[in-house]
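Quick notes on the structure that follows.
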Amino acid sequence: MNDVVIYAVISLSAIGIAAAVILFFIAKKFKVIEDPKIDIVEEVLPSANCGGCGFPGCRNFAEALVNKSNKDKNIEGLNCPVGGNKVMSKVAEILGLEAEEKEPMVAVLCCSGSKANAPKKVNYDGPATCVFVNNLYAGENGCPYGCLGLGDCVVACKFDAMYMDKETGLPVIIEEKCVACGACVEACPRNIIELRNVGKKSKRIFVSCINEEKGGVARKNCKVACIGCGKCFKVCKFDAITMKNNLAYIDYEKCKLCRKCVEECPTGAIHELNFPPKKPKPEKVMEKQKTETVSTEAKVVDNKPEKDLNTGG
Amino acid sequence: MNQWKNFSKGFIKDNPVFVLLLGLCPTLAVTSSAINGLGMGLATMFVLVCSNMVVSLIKNLIPDKVRIPSFIVIIASFVTIVELIMEGFAPALFEALGIFIPLIVVNCIVLGRAEGFASKQSFISSLIDGLGMGLGFAFALTLLGAVREALGNGSIFGYKFIEGDAILVFILSPGAFIVLGYLIALLNRFRKTT
Amino acid sequence: MAKKESSFLNMVITLFVITGIASLALGGVYNLTKEPIRLAKLAKAEKAIKEVIPGFDRLEIFTVKPANGTDSLVFNCGYKNNELVGTAIESYSNKGYDPTQIKIMVGFTPDGKINNTAVIQQKETPGLGTKMTSPKFKNQFVGKNPKNFILKVKRDGGDVDAITAATISSRAFCGAIQRAYETYEKKVQNKEQQTQDVVTEEQEEE
Amino acid sequence: MKTFKLGGVHPAENKLSNNSPIQVLPIPKQVFIPVSQSLGAPSKPVVNKGDQVKVGQLIAKGEAFISSNIHSSVSGKVLKIDNITDQTDYPKQAIFINVEGDEWDENIDKSDKVKREITLSKDEIIRKIHEMGIVGLGGAAFPSHVKLMVPKGKKANLLIINGVECEPYLTSDYRLMLEKGEEILIGTTILMKGLGVNKAFIGIENNKPDAIKHLTDLAKDFEGIEVFSLKVKYPQGGEKQLIKALTNREVPSGKLPVEVGCVVNNVGTAFAVYEAVQKNKPLFERVVTVTGKSLKNPSNFLVRIGTHSSELVEKAGGLPDDTGKIISGGPMMGKALNMIDVPIVKGSSGVLLIEDSETERMAVKNCIRCANCISVCPMGLEPVLLAQYSEKEMFENAEKEHILDCMECGSCQYTCPSGRPLLDYIRLGKFKVGEIIRNRGKK
Amino acid sequence: MNLLTVSGSPHIHGDNSIKKIMYGVVFAMIPAILVSIYFFGLDAVKVLLISVIACMFFEWAIQKYLIKGPLTINDGSAMVTGILLAFNVPGNLPVWIIIIGAFVSIGIAKMSFGGLGKNPFNPALVGRVFLLISFPVQMTSWPKPNPLFAGKVLDAITGPTPLGNLKGELRGGRTVQDILEHGTKMIVDGKEVLYKIPDYVQELLGNMGGSLGEISAVALIIGAIYMLCRRIITWQIPVAYLGSVIVFTGILWLIDPNIYINPLFHLVTGGLMLGVFFMATDMVSTPMSPKGQLIFGLGCGVITVIIRVWGAYPEGVSFAILIMNAFAPLINKGFKPKRFGETLKI
Amino acid sequence: MEYLIIIISAIFVSNIVLAQFLGICPFLGVSGKVSTSVGMSGAVLFVMTIATIITWLVYQYVLLPFGITFLQTISFILIIASLVQMVEIILKKVSPPLYQALGIYLPLITTNCAIMGVALLTVAKPDFDLLKGVVFAVASALGFGLAMLLFAGIREHLDLMDVPKGMRGVPIALVTAGILALAFMGFTGLV
Ligand SMILES: Cc1cc2nc3c(=O)[nH]c(=O)nc-3n(C[C@H](O)[C@H](O)[C@H](O)COP(=O)(O)O)c2cc1C
Ligand SMILES: Cc1cc2nc3c(=O)[nH]c(=O)nc-3n(C[C@H](O)[C@H](O)[C@H](O)COP(=O)(O)O)c2cc1C
Ligand SMILES: Cc1cc2nc3c(=O)[nH]c(=O)nc-3n(C[C@H](O)[C@H](O)[C@H](O)COP(=O)(O)O)c2cc1C
Ligand SMILES: Cc1cc2nc3c(=O)[nH]c(=O)nc-3n(C[C@H](O)[C@H](O)[C@H](O)CO)c2cc1C
Ligand code: SF4
Ligand code: SF4
Ligand code: SF4
Ligand code: SF4
Ligand code: FES
């Protein structure tokens with residue numbers, strides 16, 4: 001062992017220890033506490049940073065979760081739609097709490113104003129986004145409530161769960177991919193998209209229209225509009241349907257999926273999803289049902305027998 | 001964990017340079033020729049493998065608070081060893097790489113791997129991870145060096161394939177940025193399609 | 001993650017042990033590589049010397065204050081059978097294109113002609129200034145006596161063909177030779193006058 | 001010659017209906033009178049289905065501070081009160097009246113005689129204007145009585161009458177100035193009295209020399225009224241620009257004209273005020289320009305409120321086959337309609353038909369950062385930046401860049417060599433920023 | 001009748017368009033093109049054609065095959081870049097180098113960013129500087145001007161630019177006076193020739209060595225006046241640029257006319273006029289507000305002089321403009337146009 | 001004059017980022033916004049100055065006298081790492097506003113070559129005394145700041161443009177940096 005090695009050992013150890021000692025005392029003196037749970041919770045979250053929870057990012061959400069659980073001993077009202085119950089129960093576990101069970105939801109499109117049902121009446125010339133058109137006028141098909149078909153919702157969906165169907169001009173929600181983050185609901189300037197429960201075997205029944213005009217006016221723009229005739233309201237035994245402003249609405253928490261209203265509706269505004277076809281009558285065969293695209297089957301609707309529609313005002 | 005996956009991820013999927021964008025300084029600075037890139041890559045790999053191994057061996061002996069300083073000391077030691085060996089046995093390369101040899105110390109990949117991987121995994125995994133990442137780094141540097149050398153000097157690994165002038169810029173600083181930029185763009189495209 | 005509790009003592013001890021081991025190991029490696037490093041450095045210098053003066057069996061190395069400039073120059077006088085065969089002078093220029101000093105080795109035959117030149121260090125632009133290492137440029141100095149070969153590029157009224165588009169590097173190169181030459185001349189004259197203003201430091205080699 | 005300094009453009013004027021005197025349009029069979037015709041809250045209908053109404057009878061009452069009364073423009077029977085699609089293209093409440101004869105309210109002075117002396121006091125004038133449902137006819141349809149009530153702490157010292165009519169194609173103000181010059185000046189005097197100022201400027205662009213001359217001659221008989229000729233530059237009719245041009249006062253960003261002691265009214269408003277105060281006549285008809293390059297007879301009509309636009313167009317020679325766009329208002333600020341059957345309201349200044357060849361917008365290209373939009377923006381904004389922020393949904397940044405100062409004059413989009421939809425995006429940005437600010441207020 | 005169209009206001013559009021602007025610039029460059037053909041003959045035609053064709057080809061190919069967006073090849077901007085690139089290189093540049101330059105201009109400096117309007121740096125200048133650094137030999141051997149009608153056949157004589165010659169000689173330790181009066185001995189093809197810096201009239205007209213387009217200040221000024229009248233460019237940048245160069249070089253000249261040459265020389269030699277009127281005015285890569293443009297011009301002038309006087313390169317215009325291009329976003333951020341009603345004025 | 005040369009050289013001619021390739025990670029990483037780039041530059045300026053002083057002292061008075069310069073790497077990194085950590089801890093407590101402004105960048109600095117690189121470069125220059133070293137460190141940090149600021153300006157600008165998909169993000173940032181470096185080559189030879 002020569003001098004160099006000895007010097008080396010001494011000086012380096014001195015530097016090392018000096019650093020350690022100084023750091024130790026400084027750390028002690030200037031301590032700032034941050035809850036270590038935040039990191040742990042953050043790791044569990046899906047880090048999609050989608051904002052579905054209402055916070056700018058997963059980290060902020062984690063902070064909110066930890067803070068709320070420290071303060072209120074629960075995390076009610078906070079939910080990560082992407083991770084769903086699985087993640088939330090994990091978070092609850094970390095925080096030593098029970099998470100509330102949220103019924104799984106999915107987005108549905110409450111408009112059937114496809115190109116066939118609600119033909120174009122004017123041209124629009126300008127940037128192709130729904131917000132613009134909504135601010136400017138009623139839209140190419142003239143329905144002041146209907147889908148504008150320019151796909152703001154599709155752009156908003158971070159999970160590739162939506163696409164525009166070129167043929168119908170309406171957006172399509174891919175149920176398997178939808179995580180019910182609500183981004184599309186937020187994005188749609190006309191509030192056409194609604195988050196509803198997934199239901200048993202994904203079966204759902206809903207009014208695919210939000211037009212509050214009187215029936216005649218509504219029908220002028222769109223063949224399959226809800227005309228507010230109230231027939232479904234009368235036929236429903238479970239009080240699931242309410243009528244307001246010429247429009248029927250089906251409450252998914254009350255609906256028992258009996259399908260009476262579907263048959264009753266004269267315009268075909270009520271949609272059923274994921275039910276097995278009733279009787280294989282030739283016209284009623286679903287002509288275009290891809291496994292992943294379930295939406296407004298324009299064709300099916302068209303095949304319904306035309307009824308006299310002078311019911312409205 | 002599947003060791004092969006563990007090993008190969010550093011090449012494309014988690015390539016430290018092209019994907020993680022770590023350790024860009026040496027990547028850009030020393031890659032004016034393929035051989036420099038390779039040399040730097042191997043030196044880094046050596047440090048990476050050795051420090052990964054040592055860290056995973058002693059991970060349970062180190063108190064949490066001094067984890068990082070300890071790792072840094074370990075890494076710095078290996079860097080110095082590389083430095084000394086290279087100066088003694090490959091002086092030309094040593095001169096070409098210059099200040100960037102000691103700077104391996106601050107290369108985020110090395111510390112990142114030690115802290116993020118080796119301090120949690122077994123010895124074998126850490127070894128393989130270090131090898132994979134190191135090779136990925138070396139691969140990236142060599143590739144970058146080769147492209148720059150080919151464009152800027154008309155040669156690869158010193159073997160001249162065109163006579164006369166090449167496009168000088170590519171072995172100067174602007175060329176480094178530009179070539180890396182397009183390489184990453186290309187790779188992104190390639191990764192997307194596969 | 002198996003964590004060890006941090007207490008002041010074990011933190012300090014850990015660091016102490018680690019730094020200790022590290023420096024010990026490094027000291028060891030340093031000792032091991034000390035010799036190779038020295039040799040590598042030497043080999044490099046010697047290679048240049050061998051390139052610029054013809055076969056010698058003994059070197060006499062000493063430093064001389066330059067005729068101009070600040071840093072002193074290293075003179076390597078090569079002897080064969082105790083007869084001076086050439087003087088290799090390590091000269092430099094700060095006027096290169098890159099701020100890094102250009103270092104060259106110039107070999108003079110005893111009659112004052114340039115025997116050859118070698119570049120030891122330069123960081124000029126690849127493809128431009130670096131052409132100073134090319135034979136095409138270097139060869140024009142071989143065998144010339146600076147007494148009647150003006151060490152300036154032609155544009156400045158000298159005899160040297162500059163490297164295309166790298167006049168600056170060429171100038172710097174010429175400047176370095178010129179410095180070596182002037183110092184050499186001074187030294188020779190001084191020696192003749194027997195004035196010992198230089199530090200001589202003898203060293204045997206080989 | 002006076003004008004404003006910052007920005008501005010000069011589109012082709014195309015005043016096709018300049019030489020067509022104001023014609024009275026025959027009363028239609030049915031009118032549809034929307035209950036929200038002015039800025040502010042909609043008015044409340046005070047008639048019911050089946051009621052018989054006379055011309056000039058109050059049919060909807062403006063109850064909020066900023067809202068206005070609405071009077072029947074015809075006599076007949078109220079058919080129903082129902083939704084109708086108006087200019088905005090969204091369903092709005094309107095009163096449907098089937099026309100029966102033309103029976104006017106007894107209080108209205110139907111004579112042609114010009115009545116000069118003003119008998120009412122300041123407060124009575126304001127009340128009268130309120131009662132008669134006068135709103136600004138320059139475009140925004142702001143209730144005029146509100147403008148006359150200067151907020152506490154502020155003081156008006158100058159009335160400005162806006163006879164600029166800087167929009168291409170439109171000529172209704174011009175014809176009105178030529179044909180009803182004296183009435184306008186009397187209206188101006190009434191407004192001065194109502195406002196409590198003794199000075200009024202009338203600004204007219206010098207592409208209407210005969211109107212300038214006519215009014216200048218007449219104004220000699222009126223105390224305190226001065227007529228100015230202005231250099232032709234759009235949007236000189238914007239009130240802030242007009243104030244700047246005439247007085248060199250600059251209304252501060254986000255503030256109202258009274259801040260610098262000015263109140264601006266359109267010439268049409270002045271005329272309506274004259275009729276209301278001197279003749280007791282509510283605002284139920286207005287002058288509307290019907291124009292377009294392919295239209296047979298571009299004309300100016302005196303139209304009852306609630307008449308379908310189609311009737312005007314029919315009278316002016318029928319809808320040309322090559323109509324690509326129907327615009328309510330002028331080409332720079334007007335609103336494109338998606339059908340022609342839209343009722344004329346108090347704020348309608350014109351119906352413009354654009355032919356197919358000029359309908360389509362220029363193809364949108366990349367912005368070349370030429371800064372033309374910046375140099376023409378009369379508000380000194382950076383339209384390109386505002387549009388980009390809106391496009392990228394960076395609304396906070398847009399707010400910081402004062403997007404709300406934009407008055408949607410369209411100069412930027414008009415001038416952009418890349419055909420960028422600047423104003424479309426800025427409008428979106430204003431809408432979103434407004435939302436953000438409102439939300440902030442809530443919290 | 002067709003369906004009606006609905007869109008936001010305004011419903012009419014002025015007659016300005018990108019095409020009109022770009023072809024306006026091309027038109028403004030015609031005098032300079034003619035001068036370059038006059039002095040450099042077929043070589044000038046060759047370089048111009050190749051540069052323009054290559055630029056347009058790369059723009060088309062990249063748009064079609066890589067970006068897959070709409071093709072905007074006929075909007076004229078690639079042609080402007082092509083001509084300006086050619087203007088910035090010596091007339092005897094080998095074809096393959098021109099093509100590399102065109103690729104760098106269009107491919108790297110323009111299309112990588114998304115094409116027209118998005119590039120933060122001036123494409124033609126990026127191409128030029130790239131070539132200058134990559135091929136310093138070829139990029140700095142200037143063919144001697146050889147007027148078409150002077151009766152001589154064109155040969156490959158190369159000569160320096162006045163700026164380059166001055167700088168080289170000054171570095172060699174001579175004084176300005178000496179250089180101007182006695183000229184420089186040069187070896188060209190083994191023969192010794194005397195090079196003298198031309199007088200100002202010759203320089204103004206363009207009878208000097210240099211890049212294709214930069215030689216004739218007169219032709220460039222004619223084009224600039226045309227662009228100013230058509231409002232393609234504004235006066236701020238040229239005035240600030242020229243002004244700062246004159247003031248800065250003037251001060252230096254007053255300090256020591258032996259080391260620093262007079263401002264007039266700086267004005268008429270090198271690429272200053274070309275840069276000032278055609279390249280510093282490129283709207284895409286320069287600030288937008290008038291105040292910002294003044295700052296931009298000022299910065300360009302100062303950096304140009306610094307590089308010309310103290311830097312390694314004889315010419316600093318390209319670098320100065322590129323460096324100021326980098327400052328443009330910050331200038332845009334810092335110097336906003338004056339807003340209406342910003343200050344209370346009653 | 002000497003100092004002027006050092007300053008000009010460090011800021012423009014041999015810009016630490018664009019010519020020397022030091023500190024590229026933060027240069028690319030935190031240059032998204034002008035405001036953050038200012039914060040980062042401030043933090044770098046602060047740490048770089050202090051680190052250079054301490055490492056220079058250690059080198060001159062410990063490593064050099066004992067002939068153990070081979071320990072330079074290891075001792076420098078130890079010093080820098082502890083220094084950064086110390087600054088972070090102290091700032092967090094003592095001046096929260098300053099911590100908000102600079103602190104979030106501090107962890108990035110340990111693994112930033114620029115600090116270590118400048119420390120190494122300073123001790124490698126034989127003619128540097130402490131003052132020159134400090135000037136050099138400050139000027140280098142300013143050079144870093146200049147590059148960051150310009151780059152952040154351009155990137156903010158690019159955020160408003162639709163850069164082609166394949167080039168979006170890092171690739172275009174690198175190409176931009178390349179062109180910036182190209183432009184800065186104009187300063188060569190100034191000193
Ligand atoms: C990127 C670049 C690097 C250069 N490197 C050198 C160099 O290393 N040595 C040199 O003498 N000139 C170099 N130059 C050229 C000088 O700027 C200068 O033009 C030249 O030395 C003048 O000499 P000339 O008269 O032979 O053209 C370089 C030029 C560029 C563009
Ligand atoms: C909320 C609000 C309050 C207003 N208050 C006044 C007022 O007190 N005095 C006034 O002269 N104008 C007032 N105005 C009217 C505006 O100055 C302006 O004349 C009106 O918005 C129409 O302008 P335009 O046609 O230029 O758009 C007010 C406008 C709004 C929207
Ligand atoms: C861009 C723009 C242009 C305008 N042009 C005119 C015009 O030409 N004539 C006019 O009377 N009002 C015009 N106005 C409306 C005026 O700003 C202002 O609202 C009106 O003169 C107020 O008078 P009023 O309340 O009587 O309508 C314009 C407004 C804007 C924003
Ligand atoms: C006045 C003016 C000057 C221009 N100058 C240049 C130029 O110097 N270099 C260039 O590549 N393009 C120039 N262009 C063309 C065009 O703006 C350029 O290709 C864009 O930078 C490409 O996005 C110019 C255009 C105009 C209108
Ligand atoms: S479809 Fe709507 S709710 Fe479902 S994931 Fe997409 S954006 Fe979210
Ligand atoms: S659902 Fe809403 S957002 Fe989606 S396309 Fe229709 S209108 Fe647009
Ligand atoms: S529309 Fe708005 S932004 Fe555009 S010019 Fe007019 S005021 Fe300026
Ligand atoms: S006028 Fe159009 S092209 Fe010019 S800067 Fe504005 S948006 Fe861009
Ligand atoms: S490698 Fe240099 S800062 Fe990351």
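Here the structure is a predicted model, which is why all the values come from computation and not from measurement. Chain naming here is simple, since letters A, B, ... match the order of the sequence lines and numbering starts at 1 in each.
- In this structure, chain B has no heavy atom under 4.5 Å from any part of C:Ala25.
- Proximity to chain B (any heavy atom under 4.5 Å) is shown, for C:Thr19, by both the backbone and the side chain.
- Among B:Ile171, B:Asn153, B:Ile58, B:Thr80, the residue making the largest number of heavy-atom pairs under 4.5 Å with chain C is B:Thr80.
- Residue B:Glu95 touches chain C through its side chain alone, counting heavy-atom pairs closer than 4.5 Å.
- Crowding of C:Lys138 atom NZ: a count of heavy atoms from other residues, nucleotides or ligands under 6.0 Å exceeding 12.
- Between B:Glu83 atom CD and C:Tyr30 atom OH the span is 12.0 Å, to the nearest 0.5 Å.
- Counting non-hydrogen atoms of neighbouring residues, nucleotides and ligands closer than 6.0 angstrom, the CZ atom of C:Phe16 reaches no more than 12 such neighbours.
- The distance from the CD1 atom of C:Ile18 to the CD1 atom of B:Ile74 is 4.5 Å, given to the nearest 0.5 Å.
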*Please test B:Leu84 against C:Ile37 for side chain to side chain contact (heavy atoms under 4.5 Å, CB included), starting from the C-alpha separation and ending with a verdict.*
CA-CA 8 Å; B:Leu84 291 172; C:Ile37 290 175; 4.2 Å; yes
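- Within 6.0 Å of the CD atom in C:Glu35, the count of heavy atoms belonging to other residues, nucleotides or ligands exceeds 12.
- No more than 12 heavy-atom neighbours from other residues, nucleotides or ligands sit within 6.0 angstrom of NZ on C:Lys41.
- Proximity to chain B (any heavy atom under 4.5 Å) is shown, for C:Lys34, by neither the backbone nor the side chain.
- Applying the 6.0 Å contact sphere to NZ of C:Lys144 captures more than 12 heavy atoms from other residues, nucleotides or ligands.
- Counting non-hydrogen atoms of other residues, nucleotides and ligands closer than 6.0 Å to CZ of B:Phe161 gives a total above 12.
- C:Ala40 and B:Gly88 get closest at one heavy-atom pair: CB-O, 3.7 Å.
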